[in-house]
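In this text, all values refer to a predicted model and were calculated from it rather than measured experimentally. Every heavy atom of this structure was used, including side-chain atoms; hydrogens, water molecules and symmetry mates were not. Labels below follow one simple rule: chain letters A, B, ... track the order of the sequence lines, proteins then strands, and each chain is numbered from 1.
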Amino acid sequence: MPELPEVETVVRTLRPLIVGRRILNAEFTQLRILRGGAQETSAALAGRRIQGIERYGKFIAIVLDKGYLMVHLGMTGKLLVNSAASKWTHAVFTLDDGVVHYDDPRQFGRVEYGDELPARVLALGPEPLEVSLDDFAAALKLRRSPIKAVLLNQAVVRGVGNIYADEALFRAGVLPKSPSDSLTRARVKRVYEAMQAVLREAIESRGSSVANYVDAEGRKGGFQLLHRVYQRTGEPCLKCGTPITRILVAQRGTHFCGKCQK
DNA sequence: GTTGTTACCTGTACGC
DNA sequence: TGCGTACAGGTAACAA
């Protein structure tokens, strides 16, 4: 499931391949993944030149000479350059040099064209690797939900998902159910530093390939080999040997060590 | 405004 | 082998 490090990897691999190219044609075969009408979107995209590609949390913004093509990969979305189409190819962008496919088996992702960045993207919280400790601490103090749920809240920080929330809380030694506003400053600082460290290391490893994540060139990431708690239910904690526990927090599978995390 | 719940969707794993 | 079922989770919509 693509979270910040996976989306960042997609953006980095996509950038040299498509920036500067012109979109000749855009075709949508599964309308579920498209926000807006297919004909209107195709008409708006035809002839546009790609000027850049940016990431806003888990959203990908393809910056055009007029407007933005927004892509959210959902759970299983992929943007693939010059690959063969599959039964899950729902959109095809033909460029003046090459072709980009949007593939998505579960169809949780979305593609959208607009003149401006969508309001829901502008409403996102700060980037977790850019937010200051003071701002992060203030946002946590405002909320009583479990810290895990708060980390998943894209209005608090944008881009953290289930994998990195679990991994960050393990490294910080903080229980996922701890009420956000109950954390001491020292524990907030540990969560902040762990979150940034996990995200930086995952970006270096080109993301985590669980399920079927690959980057724009079809390559898998490597960070799944470094997960310490995520999807390790029942396996021994790498620090103390206690079996990793799995519970539900915010309706999400949540993995932690009951001894190392307080 | 926050908080919690549910729907969306299909490949995969598992039990029988 | 084949079938039924549970599970995975990011976002948005909704209720409270």
Student: Just grab all the ring pair (Phe, Tyr, Trp, His ring centres under 6.0 Å) pairs involving residues 89-133 of chain A, residues at least two apart or on different chains.
Tutor: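 Passing the test, one end in residues 89-133 of chain A: A:F28-A:F93.
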Student: Expressed as a whole number of angstroms, how long is the span from A:K148:NZ to B:dT3:C1'?
Tutor: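 These atoms are roughly 17 Å apart.
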Student: So, does A:S145 get its side chain near the phosphate of B:dT2, meaning an N or O under 4.0 Å from OP1 or OP2?
Tutor: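 No, outside the criterion.
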Student: Please list, in numerical order, the residues of residues 108-117 of chain A that have a heavy atom closer than 4.0 Å to any atom of DNA chain B.
Tutor: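 Here the set is A:F108.
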Student: Roughly how many Å is it from CG in A:N153 to P in C:dG9, rounded to a whole number?
Tutor: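 Checked: the CG to P distance equals 18 Å.
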Student: How would nucleotides 11-16 of chain C be written as a contact map, 5' to 3', with B for base contact, S for sugar-phosphate-only contact and - for no contact, using protein heavy atoms under 4.0 Å?
Tutor: BS----
Student: Measure all distances between protein nitrogen or oxygen atoms and nitrogen or oxygen atoms of nucleotides 5-7 of chain C, and list the pairs falling under 3.5 Å.
Tutor:
none

Student: What nucleotide among B:dG11, B:dT3, C:dG9 has an atom nearest to a side-chain atom of A:Y230?
Tutor: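 Among B:dG11, B:dT3, C:dG9, the one nearest the side chain of A:Y230 is C:dG9.
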Student: Using whole Å, what does the distance between atom P of nucleotide B:dG1 and atom CZ of A:R144 come to?
Tutor: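 The distance from CZ of A:R144 to P of B:dG1 comes to 16 Å, rounded to the nearest Å.
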Student: Before accepting this row, confirm whether a basic side-chain N of the pair A:R200/A:E204 lies closer than 4.0 Å to the acidic partner's carboxylate O.
Tutor: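 Salt bridge between A:R200 and A:E204, a charged N being under 4.0 Å from a carboxylate O: no.
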Student: Are the side chain of A:D96 and the backbone of A:R22 linked by a donor-acceptor contact shorter than 3.5 Å?
Tutor: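 It does hold such a pair.
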Student: Kindly give the heavy-atom pair with the smallest separation between A:T76 and A:P105, and that separation in Å.
Tutor: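 Looking at all heavy atoms of both residues, the closest pair is O-CD, 3.4 Å.
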Student: Please produce a list of atom pairs where a protein N or O lies less than 3.5 Å from an N or O of nucleotides 12-14 of chain B.
Tutor:
none

Student: Among B:dT6, B:dT2, B:dT10, which is the nearest nucleotide to the side chain of A:Q251?
Tutor: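 Per side-chain heavy atoms of A:Q251, the pick is B:dT6.
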Student: Reading DNA chain B from 5' onward, which residue's closest nucleotide shows up sooner: A:A250 or A:W88?
Tutor: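 Comparing both residues, the 5'-ward one is A:A250.
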Student: Rounded to the Å, how far apart are A:N162 CG and C:dA8 P?
Tutor: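 Distance, rounded to whole Å: 9 Å.
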Student: For A:Q107 and B:dT10, is the shortest distance between a side-chain N/O and OP1 or OP2 below 4.0 Å?
Tutor: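 Yes, because at least one side-chain N or O of A:Q107 sits under 4.0 Å from OP1 or OP2 of B:dT10.
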Student: Please step through salt bridge (Lys or Arg N to Asp or Glu O under 4.0 Å) for the pair A:E112 and A:R110, ending with a clear verdict.
Tutor: CA-CA 7 Å; A:E112 174 181 21; A:R110 292 292 181 267; over 6 Å; no
Student: Start with the C-alpha distance between A:T242 and A:C260, add both sets of side-chain angles, then the distance that settles side-chain contact (heavy atoms from CB on, under 4.5 Å), and finish with yes or no.
Tutor: CA-CA 9 Å; A:T242 302; A:C260 293; over 6 Å; no
Student: I need the CG-P distance between A:D166 and C:dG10, as an integer number of Å.
Tutor: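 Taking CG of A:D166 and P of C:dG10, I get 10 Å after rounding.
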Student: Quick one: is the NZ or CZ of A:K177 closer than 6.0 Å to the six-membered ring centre of A:F256, and within 45° of its axis?
Tutor: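 Because its charged atom misses either the 6.0 Å distance or the 45° angle limit, A:K177 does not stack over A:F256.
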Student: Evaluate whether atom NZ of A:K141 has more than 12 neighbouring non-hydrogen atoms of other residues, nucleotides or ligands under 6.0 angstrom away.
Tutor: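 Count over threshold, so yes.
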Student: Round to a whole Å and report the spacing from CD of A:E6 to P of C:dG10.
Tutor: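 So the CD-P distance, A:E6 to C:dG10, works out to 10 Å.
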Student: For A:F59, which fellow cluster members are found when Ile, Leu, Val, Met, Phe, Trp and Tyr are connected by side-chain heavy-atom distances below 4.5 angstrom, either directly or through intermediates?
Tutor: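 A:Y56, A:V63, A:Y68, A:M70, A:L117, A:V121, A:L122, A:L124, listed by chain and number.
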